[in-house]
Amino acid sequence: DVGCGIGGSAFYFAETYGAEVLGLDLSTTSLSLAQTRLKERAPTSPVALASLVTFELGDALEMDYADGEFDVIYSRDALLHVPYAKKLPLWKKFHQWLKPGGQLLISDYGCGEGTLSAEMKTYMEKRQYALLSPSAYGALTHSAGFDDVRCHDRSWQYCQIARQEIARVNSPEASAAFDAEFSTADRETLAKVFNDKVEMCLRSDRSFILCHAIKQPVHFEYRKQVLAVCKKIYAEHLVWGTDGNVSVRIPGTNLIAIKGSGIPYEDLTVSDIVICQLDGTRVPGEKKPSSEVGIHGGIYAARSDAKAVVHTHSMYASTIASCRKDIPCYHYSVGELAAGDDIIKCADYYCYGTPELAKAVVAAIGPYTNGCLMANHGQVTLGEDLESAMYFALRMENICQMYMHTLGIPGGAVILGTKEMDECRARDKTYGQVEDGTGTGHGLGCCK
């Protein structure tokens, strides 16, 4: 809590959320009052307030906390005093001190977006206020490395609350109590100060800013991509509950981003997408990766062209897989997944999450095929990116659905031979709008 004052926000965070709070302030007077309030409040607090809240005297610009020490950095109406030249270095410290996924929440006085009046400029200079407009506040926060920055001008709310407080302090009961402790002149001065601030807001010289931002975890973009595909396979009913998993290889590294183990798709967030080594070794601070991380790592190790993997328990693919059947080229679309052998293989059965299953899947996929079935389990597909891996997962389900229907017809499907499949692949080269012979076939297929 930067600029914690007399401790009200620190007490609120501790008592409402059970948070451990470090209140930091430059004022010895404020901190003395905060310590007194802590002693008075602790005995009746619903939490162990004395062990949760700590106050520290210091300038945030000069402090040196550990990287990733805080979950939240909060400041209320204090950072307007930070000189313009020192704002970005301080914001960068905030970013450094937050954990990945940590949040920054600031309310602060600002200036208007347009040209400021001479009166406002004089006011800022006299008070030594370094005020920013809401848009400039957002740009500053983004420049410090934060993502998902949301800076709102809440001047309307400030004016509403200020007017309510002015009316309250001027009410007969409150004014009598105030005047008795202080003076009528003090009360009138206080009311004028806040009335002036309201007027500044109304003429667009002043603003009241609420800024929220997040320090995104490392490799955020790849986590976000995996999350999007996870949500899609759930929406497409290719998985249920916590079944299945999705991963993408992070270019230039030995890392992958993969769904965390056992987390329901409905609850899944970016922080549930895990970064781990290709061999499944967890990166410090990350959650447990999918139980099938061995399959993903095995595919990436065996296939340099594989940049993304999607594993699902889709209905028809799982049905055919439970019969432990390979899928022959009964339809030319099988060639989109089954290159070379003209067959989509069903990997031998092993218990989920085991090295034996991973080896069986890698063997069934081989050097060219873009996917396989997994006996009594489901399906897995790969692609040059997540979009193509997802496409192949949908195509696999479509192929399995058609094939299951053919199995119920006497005589079954007539299987296309090598000659027919080679002819289809030749046609693929000029399919669609391609005219130079570099086409890859239907959809996002890679027929070779």
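Along the sequence shown, residues carry numbers from 1. Worth saying up front: this structure is predicted, and the values here are computed from it rather than measured.
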Lys/Arg-Asp/Glu bridge criterion (N-O < 4.0 Å) met for K224, E221 = yes
D267, CG atom: more than 12 neighbouring heavy atoms under 6.0 Å = yes
Between H95 and F146, is the gap from one ring center to the other below 6.0 Å?
-> yes
Is atom OH of Y84 surrounded by more than 12 heavy atoms (other residues, nucleotides or ligands) closer than 6.0 Å?
-> yes
Over 12 foreign heavy atoms within 6.0 Å of CD, E119 | no
Will you find, in the side chains of D77 and S107, an N or O donor that is under 3.5 Å from an N or O acceptor?
-> yes
Between D186 and F182, is there a donor-acceptor pair closer than 3.5 Å when you use the side chain of the first and the backbone of the second?
-> no
Under 3.5 Å, is there a donor-acceptor pair between the side chain of S290 and the main chain of E292?
-> yes
Would you confirm whether T16, through its side chain, and Y12, through its main-chain N or O, come within 3.5 Å as a donor-acceptor pair?
-> yes
Given side chain to side chain contact (heavy atoms under 4.5 Å, CB included), test N370 with E336 step by step and report yes or no.
-> CA-CA 8 Å; N370 291 314; E336 288 191 62; over 6 Å; no
Looking at H377 versus H311, is the centre-to-centre ring distance below 6.0 Å?
-> yes
State, with a plain yes or no, whether a side-chain heavy atom of L31 is found less than 4.5 Å away from one of C4.
-> yes
Do the numbers put K126 on top of the ring of Y123, so that NZ or CZ is under 6.0 Å from the six-membered ring centre and no more than 45° off the axis?
-> no
Hey, does L132 have a side-chain heavy atom less than 4.5 Å from the side chain of D108?
-> no
State plainly whether the residues K259 and D272 are in salt-bridge range, i.e. N to O under 4.0 Å.
-> no
Partner of L373 by side chain to side chain contact (heavy atoms under 4.5 Å, CB included), out of V361, T319, I320 = I320
Cationic N near anionic O, under 4.0 Å, D148 to R150 = yes
When rounded to the nearest 0.5 Å, the distance separating NZ of K215 from CG of L98 is 6.5 Å
Quick one: pull up CG in L255 and OG in S247 and give me the separation to the nearest 0.5 Å.
-> 12.0 Å
From N245 atom CG to I273 atom CD1, the distance as rounded to the nearest 0.5 Å | 10.5 Å
Over 12 foreign heavy atoms within 6.0 Å of NZ, K232 | no
Taking the six-membered ring of Y109, is NZ or CZ of R206 closer than 6.0 Å to its centre and within 45° of its axis?
-> yes
Do other residues, nucleotides or ligands put more than 12 heavy atoms under 6.0 Å from E20 CD?
-> no
Would you mind checking if R223 and E286 are paired as a salt bridge, meaning a charged N to carboxylate O distance below 4.0 Å?
-> yes
Roughly how far, to the nearest 0.5 Å, is CZ of F55 from CG of L33?
-> 10.5 Å
Ionic contact status for D385 with K307, cut-off 4.0 Å = no
Going by an N to O cut-off under 4.0 Å, is there a salt bridge joining E40 and R37?
-> no
Would you tell me whether Q379 and S318 have side-chain atoms, one donor and one acceptor, within less than 3.5 Å of each other?
-> no
Enclosure of M315 CE (heavy-atom neighbours >12, cutoff 6.0 Å) = no
K231 atom NZ: more than 12 heavy-atom contacts under 6.0 Å | yes
The reported gap from CE in M63 to CG in L90 (rounded to nearest 0.5 angstrom) is 12.0 Å
Heavy-atom neighbours of H405 NE2 exceed 12 at 6.0 Å | yes
